[in-house]
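Here's the structure, in structure tokens; my notes come after.
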Amino acid sequence: MTTEQKSTASGTPGGDCTLPDMAATIPPPPPDPQFVLRGTQSAVHALHFGGGAQAEGRPLLFSGSQSGLVHIWSLQTRRAIAILDGHGGQCVTWLQTLPQGHQLLSQGRDLKLCLWDLAEGRNTVMDSVRLESVGFCKSAILAGGQPRWTLAVPGKDSDEVQILEMPSKTSVCTLKPEADAKPGMPMCLELWQANSSPRPLLLVGYEDGSVALWDVSERKVCSRIACHEEPVMGLDFDSQKARGVSGSAGKALAVWSLDGQQALQVCRTHELTNPGISDVTIRPDRKILATAGWDHRVRVFHWRTMKPLAVLAFHNATVHCVAFAADGLLATGSGDQRISVWSLYPHT
């Protein structure tokens, strides 16, 4: 094992003698997970923390599996309190709760996006959106407390993104790159809105390794940068710092920023030990971030400095997804059919 694989960034106390304290120079081992959830019976491809009446003060954890099932986990009992079956045995790739807390979106490889009603113990599909693309791209939403919200989904043509107003499913627009751009398929999406503007903006990670910022209202690309040599597999954006991070099938994490003119710029790249990042997410307090690795590892970084903090070597298959709860808990899902839940660098 390398030093990186063994280390966390918790400080080691120094001794007051003049000779070096050998125990103090050896980094402490990574922590173990707080607990492990088993029972999905197939690879875990999507994770999301959400609330709801059943949460009892702690968030619920939603997981999506390769077999098409969505498990709803209580972190109190550490057991599944419900299993949703709405994707015909096809892999669930994305999960998201709406702000009201009792509605869940699930996207599957069956070309369907389901809207579930979870209020008062119900587990029923209220509505569904038929998707046009069976690619790897996960959808994204922009929702406040309003009844209406915006949904971005992969479009009919391989390089398109479709914007819908929900719940009416009204088509707002189709975002298609200019003919000479040829970025390939959209691989990941992030809808957001600047505090100073009501206009929705969309970040798209593409197959050619580029990241583009779209002005949805204008239907145009504001800026596009080449971040990776391989397809962008996951990205996250910190709108307060106007700074984002993306991972790809290659060996580097890219950190990029957005200036006041809506121009993207690559700030730095961080070389990884092994290639392949399935997912990347920034903790809600914007202190740390976590990546899901094809090498079975979860890597944790300090978000401001990108200093490596820990390598979590618990899983024995590809880690497909990572998710943070509002209280800082980290959940990781893997091809080994296990979900591990960690408490790392708690909120101060």
Side-chain angles (χ1 to χ4, degrees), residues 45-50 62 93-97 105 107 136-143 150 152 161 186-195 200-206 209-214 223-225 227-228 230-250 252-258 264-270 272 276-294 297-310 312 319-326 328-333 342 344-345:
H45 280 263
L47 288 170
H48 175 70
F49 283 100
F62 300 85
T93 58
W94 178 71
L95 295 165
Q96 177 73 48
T97 49
L105 285 163
Q107 178 182 341
F136 296 96
C137 187
K138 301 172 185 178
S139 300
I141 67 166
L142 180 62
T150 304
V161 177
M187 304 295 290
C188 45
L189 309 174
E190 177 87 8
L191 267 170
W192 63 285
Q193 208 164 343
N195 292 332
L201 299 168
L202 176 70
L203 285 159
V204 184
Y206 284 102
S210 66
V211 172
L213 176 71
W214 287 84
S223 178
R224 183 162 161 253
I225 48 169
C227 294
H228 305 275
E230 302 284 346
V232 181
M233 303 303 294
L235 63 80
D236 202 0
F237 184 67
D238 176 351
S239 59
Q240 289 196 13
K241 293 187 171 72
R243 197 162 160 257
V245 59
S246 53
S248 76
L253 279 177
V255 178
W256 30 270
S257 63
L258 181 64
L264 293 167
Q265 181 176 356
V266 176
C267 304
R268 60 180 295 185
T269 57
H270 179 88
L272 300 169
I277 293 295
S278 309
D279 193 15
V280 56
T281 185
I282 303 165
R283 197 166 72 177
D285 68 351
R286 300 176 301 282
K287 300 290 187 186
I288 63 175
L289 68 97
T291 64
W294 295 2
R297 304 291 192 262
V298 174
R299 287 179 163 77
V300 182
F301 297 87
H302 188 283
W303 174 218
R304 183 174 58 82
T305 65
M306 288 303 293
K307 178 181 179 181
L309 298 179
L312 309 179
V319 182
H320 293 296
C321 46
V322 285
F324 280 111
L329 278 181
L330 170 67
T332 68
W342 308 73
L344 300 170
Y345 312 100

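In this text, all values refer to a predicted model and were calculated from it rather than measured experimentally. Numbers here simply count residues along the sequence, with the first being 1.
With sequence neighbours excluded, no residue forms a side-chain hydrogen bond (donor to acceptor under 3.5 Å, both in side chains) with Thr291. Residues satisfying the side-chain hydrogen bond (donor to acceptor under 3.5 Å, both in side chains) test with His45, not counting sequence neighbours, are Gln66. For Cys321, the side-chain contact (heavy atoms from CB on, under 4.5 Å) partners at least two apart in sequence or on another chain are Val44, Leu47, Asp279. Every side-chain contact (heavy atoms from CB on, under 4.5 Å) that Pro200 has, sequence neighbours left out, goes to Leu142, Val216, Ser217. Evaluation of the side-chain contact (heavy atoms from CB on, under 4.5 Å) rule for Arg304 yields His302 as partners, not counting sequence neighbours. Remark: Thr150 engages no residue in a side-chain hydrogen bond (donor to acceptor under 3.5 Å, both in side chains) (not counting sequence neighbours). Residues satisfying the side-chain hydrogen bond (donor to acceptor under 3.5 Å, both in side chains) criterion with Ser210, sequence neighbours excluded, are Asp208, Arg224. In this structure Arg243 satisfies the salt bridge (Lys or Arg N to Asp or Glu O under 4.0 Å) test with no other residue, sequence neighbours excluded. Legend: residues meeting ring-ring contact (aromatic ring centres under 6.0 Å, His included) with His228, ordered by chain and number and at least two apart, are absent. A search for salt bridge (Lys or Arg N to Asp or Glu O under 4.0 Å) contacts involving Arg286 returns Asp238, not counting sequence neighbours. A search for side-chain contact (heavy atoms from CB on, under 4.5 Å) contacts involving Ala325 returns Phe49, Pro59, Asp327, Leu329, not counting sequence neighbours.
Here the side chain of Ser248 pairs no donor or acceptor atom with the backbone of Met233 at under 3.5 angstrom. Looking only at distances, a side-chain donor or acceptor of Asp236 sits under 3.5 Å from a matching main-chain atom of Ile282. Distance alone, capped at 3.5 Å, is enough to place a donor-acceptor pair between the His48 side chain and the Thr97 backbone.
The shortest distance between side-chain heavy atoms of Trp214 and Val204 falls below 4.5 Å. Considering only heavy atoms from C-beta on, Thr269 stays 4.5 Å or farther from Leu253 through its side chain.
The OG atom of Ser223 lies 6.5 Å from the CD1 atom of Ile225; values are rounded to the nearest 0.5 Å. Put simply, OH on Tyr345 and CD1 on Ile288 are 7.5 Å apart, with the number rounded to the nearest 0.5 Å. Rounded to the nearest 0.5 Å, atoms CD1 (Ile277) and CG (Leu272) are 5.0 Å apart.
Closest approach of Gly205 to Leu235, counting heavy atoms only: N-CD2, 3.6 Å. Listed here is the closest heavy atom pair of Ala152 and Val161: CB-CG1, 4.2 Å. Counting all heavy atoms, side chain and backbone alike, Ser239 lies closest to Trp192 at CB-CE3, 4.0 Å. Across all non-hydrogen atoms, the minimal contact from Trp342 to Thr332 is NE1-OG1, 3.7 Å. Between Cys227 and Val266, the closest heavy-atom pair is SG-CG2, 4.2 Å. Scanning all heavy atoms of the two residues, the minimum distance from Cys137 to Leu189 falls at SG-CG, 3.6 Å.
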Derivation of the side-chain contact (heavy atoms from CB on, under 4.5 Å) call for Val280 and Leu289: CA-CA 7 Å; Val280 56; Leu289 68 97; 3.9 Å; yes
Start with the C-alpha gap between Trp256 and Val211, add the side-chain angles, then the distance that decides, and say whether side-chain contact (heavy atoms from CB on, under 4.5 Å) holds. CA-CA 9 Å; Trp256 30 270; Val211 172; 4.1 Å; yes
Pair Val322, Val298 - check side-chain contact (heavy atoms from CB on, under 4.5 Å), show working. CA-CA 8 Å; Val322 285; Val298 174; 4.2 Å; yes
Pair Leu312, Val300 - check side-chain contact (heavy atoms from CB on, under 4.5 Å), show working. CA-CA 8 Å; Leu312 309 179; Val300 182; 4.3 Å; yes
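Note: Phe301 and His270 have perpendicular aromatic rings, judged against thresholds of 30 and 60 degrees for the angle between ring planes.
Using a 3.5 Å distance cut-off with no hydrogens or angles, the side chains of Gln265 and Ser257 do not pair a donor with an acceptor.
A salt bridge links Asp285 to Arg283: at least one charged side-chain nitrogen sits closer than 4.0 Å to a carboxylate oxygen.
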